[in-house]
Amino acid sequence: MSHNLLKGKKGIIFGALDDKSIAWKVALESVANGADIVLTNAPIALRMGSIHDLAKKCNSKIIAADATSLDDLNNLFSESMDYLGGKIDFILHSIGMSVNVRKKRQYTDLNYDFLMKGLDVSAVSFHKMLQSAFKLEAISDWGSIIALSYIAAQRTFPDYNDMAENKAYLESVARSFGYHYGKSNNVRINTISQSPTMTTAGSGVTGFDAFFEYANKLSPLGNASSEDCAKYCISLFSDYTKLVTMQNLFHDGGFSSTGVSQELIDIFKKK
Ligand code: NAI
C-alpha cells in the first residue's frame with residue numbers, strides 16, 4: 001500500500017541482485033511511494049543478477065559502480081544527478097560480502113587479504129560513498145542515508161565470522177559521518193540492524209537456516225521480512241523521521257531485547 005511518502009524525492013539504491021535482495025524490495029517500495037530512483041550494483045552483478053527486470057518495473061536507470069572504487073562512485077553521483085534532474089534525497093547501502101565466509105575460512109584461521117577485501121566491500125565502501133557524495137555536494141539538505149547491518153556487530157554469532165567486524169565498522173561510520181553531514185547539510189545517516197533474511201548474502205553464512213529459525217522463535221514478533229524492512233526504510237527516507245540520525249536501529253521483531261522465549265524453553269524442557 002502506497003502513502004506517497006516519497007513523492008518528488010530522488011534516490012539511489014545500491015545492492016539489488018535478484019528478487020530476494022533486501023534492496024530489491026526497497027526499490028519497489030520507494031517507487032510505489034512516489035520516488036524516482038537510480039539502481040546501482042557492481043558490474044559483475046549486472047551480468048549475473050536480474051537487476052534489469054527490476055529497472056523495468058521501477059522505470060529506472062541502472063548505473064554500474066563497484067562500491068570500492070572512488071572513480072565509479074564519483075561517476076555514479078554525477079550521472080544520477082543528471083538523470084534525476086537534481087540532488088539526491090535518499091540512498092540505501094545494501095552491500096555485504098566476506099571472502100573468508102565464501103571460502104569457509106574459520107574465524108581462528110582468517111586470511112588477511114580476504115579480510116581486507118571484505119572490509120572494503122562491506123564497510124569502507126560506506127565511507128567512500130558518503131565522502132564521494134559529500135565532496136560532490138550530491139545530497140539535498142535533509143537527505144536520508146541508510147546502510148543495512150546485523151546484530152553480530154554487538155553480540156557474537158560464531159559463523160558470521162569477520163562480517164561481525166565489518167558491521168561494527170559500518171555502524172561506526174554512520175555515527176561519525178552522521179555528525180559531519182548533519183552539521184553541514186542536515187543530512188541524516190542511520191544503520192538498520194535487520195533480522196536474518198533469506199537472500200543470497202544471508203544464506204552464504206554456515207548454519208544460516210538454524211539461526212534463522214532460532215531468531216524466529218526468540219523474537220516475540222518473529223523475524224522481520226525483507227518487505228517489512230523496505231517499509232521501515234521508506235519511513236526513514238521520508239520527512240516523518242527528519243531528526244533521527246547516527247542511530248543503529250533494530251528491525252528484528254524484538255530479538256535484540258529478548259533473553260529467552262517460551263518456544264525455546266519448551267524445546268529444552270525435560271519431558
Ligand atoms: P544480496 O546478496 O542480495 O545483496 C548483497 C549485494 O551486495 C549484492 O547485490 C551484491 O552484488 C552487492 N555487492 C557485492 N560487492 C559489491 C561491490 N564491490 N560493489 C557494489 N555492490 C556489491 O543480500 P542481502 O541479504 O539483500 O544483503 C544486503 C545487505 O543486508 C548486506 O549489507 C547484508 O549484510 C545486510 N543484511 C542481511 C541480512 C540477511 O540475513 N540477509 C541480515 C542483516 C543485514
Side-chain angles (χ1 to χ4, degrees), residues 12-27 39-51 54 62-73 75-76 91-99 101-102 116-126 128-129 132 146-155 157 159-171 173-174 191-216 219 223-230 232-233 248-253 255-256:
I12 302 180
I13 307 289
F14 285 74
L17 178 68
D18 55 34
D19 63 3
K20 293 196 192 68
S21 300
I22 300 170
W24 186 284
K25 314 285 172 159
V26 179
L39 297 168
T40 181
N41 211 321
I44 187 171
L46 301 190
R47 289 196 296 276
M48 293 174 57
S50 43
I51 193 172
L54 179 64
I62 301 170
I63 301 174
D66 178 339
T68 64
S69 156
L70 280 171
D71 287 343
D72 284 10
L73 289 167
N75 176 64
L76 168 69
I91 300 177
L92 177 73
H93 177 289
S94 185
I95 300 172
M97 193 277 299
S98 158
V99 189
V101 168
R102 279 201 183 165
M116 294 310 288
K117 177 71 187 159
L119 178 69
D120 198 16
V121 169
S122 310
V124 181
S125 64
F126 191 39
K128 288 179 175 171
M129 183 195 101
S132 168
I146 298 170
L148 294 180
S149 193
Y150 184 58
I151 193 172
Q154 289 81 26
R155 302 203 195 148
F157 291 78
D159 290 329
Y160 204 65
N161 212 317
D162 57 349
M163 276 302 287
E165 281 80 23
N166 296 344
K167 292 304 190 192
Y169 185 104
L170 183 85
E171 292 177 12
V173 168
T191 49
I192 293 178
S193 185
Q194 163 67 8
S195 291
T197 316
M198 295 289 182
T199 64
T200 304
S203 37
V205 176
T206 313
F208 184 79
D209 288 355
F211 80 66
F212 181 92
E213 276 314 317
Y214 173 78
N216 204 30
S219 315
N223 287 336
S225 69
S226 48
E227 286 84 1
D228 284 316
C229 184
Y232 190 35
C233 288
N248 179 48
L249 302 160
F250 288 101
H251 183 253
D252 64 359
F255 178 86
S256 47

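Atoms within a ligand are numbered from 1 in the order they appear, just like the ligands themselves.
If you look at I95 next to ligand 1, the close heavy atoms, those under 4.0 Å, come from the backbone and the side chain alike. With a heavy-atom cut-off of 4.0 Å, A65 touches ligand 1 through its backbone alone. The backbone and the side chain of S21 each have at least one atom closer than 4.0 Å to an atom of ligand 1 (non-hydrogen atoms only). Under 4.0 Å from ligand 1, not a single heavy atom of S226 appears. For S149, every heavy-atom contact with ligand 1 shorter than 4.0 Å involves the backbone, none the side chain.
Looking only at atom types and distance, the side chain of S50 has no donor-acceptor partner in the side chain of D18 under 3.5 Å away.
Side-chain atoms of I12 and M129, non-hydrogen and from C-beta on, never get closer than 4.5 Å to each other. Taking the side chain as every heavy atom from C-beta outward, Y232 and D228 never approach each other to under 4.5 Å. Under the 4.5 Å side-chain criterion, counting only non-hydrogen atoms from C-beta, L119 is not in contact with E165.
Around atom 38 (C) of ligand 1, the closest heavy atom drawn from A42, A201, S195 belongs to S195. Here atom 37 (C) of ligand 1 lies nearest to I22 when heavy atoms of L46, I22, L76 are compared.
Ligand 1 lies less than 4.0 angstrom from a heavy atom belonging to K167. The closest approach between S122 and ligand 1 stays at or above 4.0 Å for every heavy atom of the residue. Under a 4.0 Å heavy-atom criterion, F208 is in contact with ligand 1.
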